[in-house]
Amino acid sequence: MALRTIVTVPEPVLRRKAKTVTEFDEKLQTLIDDMVETMRAAPGVGLAAPQVGIAERVIVIEYFENEADEESEDPENAKKRLYTLVNPEITRASVDTEIAAEGCLSIPGVMGDVERHLAITVKGQNRRGQPVTLKLKEWTARIFQHEIDHLNGVLFTDLASKVWKPEGPVEDKV
Ligand code: ZN
């Protein structure tokens, strides 16, 4: 495994529509492994392939299995779940939405308030090409919406009602 360089705006790959993955080959496995390592090192809680300069429809996300754990006294040891999804597509989205602040690894030092669906269903494939359906809610659903936007060349600053530069570090970047 190897760390990849996270590209930042205005790198053109961040604005391209990423290509559907058709070959679940060794190259894809290496890309996914590298993306997980790069996400963890950043650190971030999600990463889309265009963020490492690859215009293909691959995302990795690692977040708390139980969202309450983020607030626990021992968040370092709270159980996290790693998601790897190829060719993800949102097939259902709740009418209910929520506005919350996001940050992005590809737009350093900036946060923005973004309205997202509270719950979504995502279909795609795992790293071996087998079909996967995920039902997601709250912050995990938000991260998926952010990463899937990356595959379509959309950045959170396009959607944000307000963008600002926080004084401290941006947490939970995606
Ligand atoms: Zn991002």
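In each ligand, atom 1 is the first atom listed, and ligand 1 is the first ligand listed.
Both Leu28 and Leu47 are members of a single hydrophobic cluster when ILVMFWY side chains are connected at heavy-atom separations under 4.5 Å.
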*asked:* Run the side-chain contact (heavy atoms from CB on, under 4.5 Å) test on Val170 and Val110 for me, step by step, so that the C-alpha distance in whole Å, both residues' side-chain angles and the decisive distance to 0.1 Å come before the verdict.
replied: CA-CA 7 Å; Val170 180; Val110 168; over 6 Å; no

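Here the protein contributes Cys104 SG, His146 NE2, His150 NE2, Val174 O as N, O or S atoms under 2.8 Å from the Zn ion (ligand 1).
With contacts defined as side-chain heavy-atom distances shorter than 4.5 Å, the pair Glu62/Val36 does not qualify.
There is a side-chain donor-acceptor pair under 3.5 Å between His146 and Glu102. Counted by atom type alone, Arg16 and Asn152 present zero donor-acceptor pairs between their side chains at under 3.5 Å.
Around atom CD of Glu89, no more than 12 heavy atoms belonging to other residues, nucleotides or ligands sit under 6.0 Å away.
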